[in-house]
Amino acid sequence: MINRASIAAIVFFLFFSGKAIHPPLQLPNIIFILTDDHRWDALGAAGNKIIKTPNLDKLAGEGILFNNAYVTTSICCVSRASILTGQYESRHKINDFKTDLSQAQLKDSYPMVLKDAGYRLGFVGKYGVGDHPPAESFDYWSCNRSGQPPYMLKNAEGRPVHHTDSVGHDVEIFLNKFADKEPFCLSVSFKAPHELDGKPATYVVQERFKNMYRNVSVPVPETADARYWDSFPDFFRTEQNEARKRWHDLFDTTEKYQENVKNYYRLVSGVDDVIGKMMLQLKNLGIDKNTVVIFMGDNGFYQAEHGLEGKWYGHEESVRIPLIYYDPRMPAAQTGKKNQQMVLNIDIAPTIISLASGRIPAGVQGKSLLEAIAGKTPYRSEFFYEHTFNKSPRIPNVEGVVTKDFKYMKFIEHGYEELYSIKADPKERENLALDKNYRKQLERMRKDYIRLKQSVK
């Protein structure tokens, strides 16, 4: 006689073989982990030979690493709203640090959908959307109310504690409290590896990581050469440009570059340490076999490429992120893979909701990662990029289209276009918008841009 556990295993295998449309019968616990300003290649599993991320590498080795993961808007408040709702900025309309999700939007966010499905909810770290976060809707809430929390906090005894360690402590508390109250959904949001804003911007590293990477030299990217900054048009190539100002703070000398990239890596290693402790705690609590872990960054980050620091614009360094999906219930043959599908931050909400067998709200624009894992085609061949966050020369507005082979970006206030063959030129060294050999491709991308701009509203 086949028992319930056996049926669940059979259904799960069929689901990940692309032959079923329902997840396993037993609802999993779900932990969603988000880092801040974490570019896609700042992981050992992504091929970085310098950074030390053994726990994230292990997670990727036992799960799935998405090689082509992107954000639809590269800034934290907009991206986080997109993660919560599964919607583009054009639809959710969160395009500043003060605006809250409406009650209707909050109801359709992945935490509230899971709450309706019977999940216990926790949120730890940086919420990052609006001035009035929905703390009362969660069973456990430990977030700084400011949009960008400080790095140094004080614990209950009044002692200084680093934000990363504070997040780790709250994760430990939540798991101890709710391990026997399954299913639960815990959202964990780090400030790291974001710099500490200021004049100048700096990095605040945990004391125990300050000597890490001391004896290594980080290669300077090819596109850090001055000629790439000089190739930008006049409206962009101004010292008012926020990304250029921050470049001066952190990367305009060899010494600054080495120290600050290492500090960035140190902060990522601090996050990795917390994740290692979390995974061990899951095992010690006996819930590791039924807890799905999803890890990603909220946007990318220039490290002197094109003479810039920060995010906002359309280059790969800005819009591409790490994304790991780990599900201990997956068949061994499915794990340790590098998935090449184009996936987005708007895919997180429908993925989490699908895992919980919840209803996916009608306004969701993303797709479940489970479809990409199952090999369903076509999954996605293009997406619309938008950054209309700022109305000043500090951050010119840009929109465009990203495909697997080409990228089109338009600085909409200036009519300036960029066209890159990201397949042939992944470092985006040559803007082909004025190259007559790519005239037809440019026209196609312009049409795609108009079409997609309308479709995402």
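- The existence of a salt bridge linking R380 and D347 is confirmed by a sub-4.0 Å separation between a basic side-chain nitrogen and an acidic carboxylate oxygen.
- Using a 4.0 Å cut-off between a side-chain N of Lys or Arg and a carboxylate O of Asp or Glu, K453 and E399 qualify as a salt bridge.
- Contact annotation: the side chain of L59 approaches that of M279 to within less than 4.5 Å [non-hydrogen atoms, C-beta and beyond].
- Contacts of E309 classified as salt bridge (Lys or Arg N to Asp or Glu O under 4.0 Å), with partners at least two apart in sequence or in another chain: none.
- Between R246 and D197, at least one side-chain N (NZ, or NE/NH1/NH2) sits under 4.0 Å from a carboxylate O, which counts as a salt bridge.
- By the 6.0 Å contact criterion, NZ on K107 is open, its count of non-hydrogen atoms from other residues, nucleotides or ligands being 12 or less.
- Atom CD1 in I31 sits 10.0 Å away from atom OG in S187 (nearest 0.5 Å).
- Under a 3.5 Å cut-off, the side chain of R266 and the backbone N or O of M212 do form a donor-acceptor pair.
- Ion pair K98/D96 not flagged as a salt bridge, since none of the NZ, NE, NH1 or NH2 atoms sits closer than 4.0 Å to an Asp/Glu carboxylate oxygen.
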CA sep, side-chain torsions, deciding dist, call: I173, V171, side-chain contact (heavy atoms from CB on, under 4.5 Å): CA-CA 5 Å; I173 292 173; V171 168; over 6 Å; no
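- Taking the centre of each ring, Y420 and H315 come in below the 6.0 Å mark.
- For the pair E242 and W312, the minimum side-chain heavy-atom distance is below 4.5 Å.
- The structure places CG of L34 at 6.5 Å from CE of M296, a figure rounded to the nearest 0.5 Å.
- In this structure, Q303 and Y264 have side chains that are in contact, with non-hydrogen atoms separated by less than 4.5 Å.
- Atom CG of N241 is separated from atom CZ of R244 by 9.0 Å, given to the nearest 0.5 angstrom.
- D41 and N48 form no side-chain donor-acceptor contact under 3.5 Å, judged by distance and modelled atom types alone.
- Taking the six-membered ring where tryptophan is involved, the planes of H306 and Y302 are perpendicular, since the angle between them exceeds 60° and thus also 30°.
- Of the possible polar contacts, none joining the T377 side chain to the Y379 backbone as a donor-acceptor pair under 3.5 Å is found.
- The shortest non-hydrogen separation linking I287 to A179 is CG2-O, 3.8 Å.
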Worked check of side-chain contact (heavy atoms from CB on, under 4.5 Å) between F406 and R444: CA-CA 11 Å; F406 285 92; R444 281 195 292 269; over 6 Å; no
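- The ring-ring contact (aromatic ring centres under 6.0 Å, His included) analysis of residues 47-72, with sequence neighbours excluded, yields the pairs Y70-F383.
- Close placement of the F184 and F174 rings is indicated, their centers lying within 6.0 Å of each other.
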From CA spacing to verdict: salt bridge (Lys or Arg N to Asp or Glu O under 4.0 Å), R446, E417: CA-CA 10 Å; R446 285 171 173 167; E417 297 174 300; 2.7 Å; yes
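- Applying salt bridge (Lys or Arg N to Asp or Glu O under 4.0 Å) to E316 and the options R39, K427, K407 leaves one that passes, K407.
- Here the rule is side chain to side chain contact (heavy atoms under 4.5 Å, CB included) with I83, and of I346, V78, N345 only N345 fits it.
- Side-chain contact check for L196 versus Y203: every heavy-atom pair is 4.5 Å or farther apart.
- The two atoms that bring S455 and L452 nearest to each other are OG-O, 2.9 Å, heavy atoms only.
- Side chain of Q365 to backbone of Y88: a donor-acceptor contact under 3.5 angstrom is found.
- Interatomic distance, CG of L65 versus CG of L43, reported as 7.0 Å (0.5 Å rounding).
- Formation of a donor-acceptor pair under 3.5 Å by the R80 side chain with backbone atoms of K126 is found in this model.
- The shortest non-hydrogen separation linking R320 to N67 is NH2-O, 2.8 Å.
- A salt bridge links R451 and E382; the closest N-O separation between the charged side-chain nitrogens and carboxylate oxygens is under 4.0 Å.
- Listed for the S269 side chain is a donor-acceptor partner under 3.5 Å among the backbone atoms of K52.
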Pair S79-T73, side-chain hydrogen bond (donor to acceptor under 3.5 Å, both in side chains): steps then yes or no: CA-CA 6 Å; S79 182; T73 300; over 6 Å; no
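- Looking at heavy atoms from C-beta onward, E428 lies out of side-chain contact with T223 at the 4.5 angstrom threshold.
- Annotation: side chain of L267 is not in contact with side chain of F209 (no heavy-atom distance under 4.5 Å).
- Side chains of S421 and D425: no donor on one and acceptor on the other come within 3.5 Å.
- One N or O on the side chain of K93 and one on the backbone of S90 form a donor-acceptor pair closer than 3.5 Å.
- Aromatic ring centres of H162 and Y151 lie closer together than 6.0 Å.
- The distance between the ring centers of F251 and Y257 falls below 6.0 angstrom.
- In this structure, L175 CG and D170 CG are separated by 11.0 Å, a value rounded to the nearest 0.5 Å.
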From CA spacing to verdict: side-chain contact (heavy atoms from CB on, under 4.5 Å), H387, I395: CA-CA 9 Å; H387 194 293; I395 306 174; 3.9 Å; yes
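- Defined by atom type and a distance below 3.5 Å, a donor-acceptor pair is missing between the side-chain atoms of Y265 and N260.
- In this structure a side-chain-to-backbone donor-acceptor pair under 3.5 Å is present from S102 to Q105.
- Side-chain contact between V129 and Y127: present, with at least one pair of heavy atoms (C-beta onward) separated by less than 4.5 Å.
- Nearest heavy-atom pair across V268 and A42 is CG1-O, 3.8 Å.
- No donor-acceptor pair under 3.5 Å is formed between the side chain of S142 and the backbone N or O of V124.
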side-chain contact (heavy atoms from CB on, under 4.5 Å) between I30 and L114, worked out: CA-CA 10 Å; I30 303 167; L114 263 64; 3.9 Å; yes
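- One N or O on the side chain of N290 and one on the backbone of L27 form a donor-acceptor pair closer than 3.5 Å.
- Note: F123 and Y140 fail the aromatic proximity criterion, with ring centroids not under 6.0 Å apart.
- With respect to D298 and K311, no salt bridge is recorded, no charged nitrogen being found less than 4.0 Å from a carboxylate O.
- With rounding to the nearest 0.5 Å, the separation of NZ in K58 from CG in D272 is 11.5 Å.
- Across all non-hydrogen atoms, the minimal contact from A60 to A45 is CB-CB, 3.9 Å.
- Checked by atom type, the side-chain pair T388/E89 shows a donor-acceptor distance below 3.5 Å.
- Contact annotation: the side chain of C185 never approaches that of N29 to less than 4.5 Å [non-hydrogen atoms, C-beta and beyond].
- Ion pairing between D273 and R208 holds under the 4.0 Å rule for side-chain N and carboxylate O.
- Between the D139 side chain and the G122 main chain, no donor and acceptor come within less than 3.5 Å of each other.
- Residues Y313 and F236 bring their aromatic ring centres within 6.0 Å.
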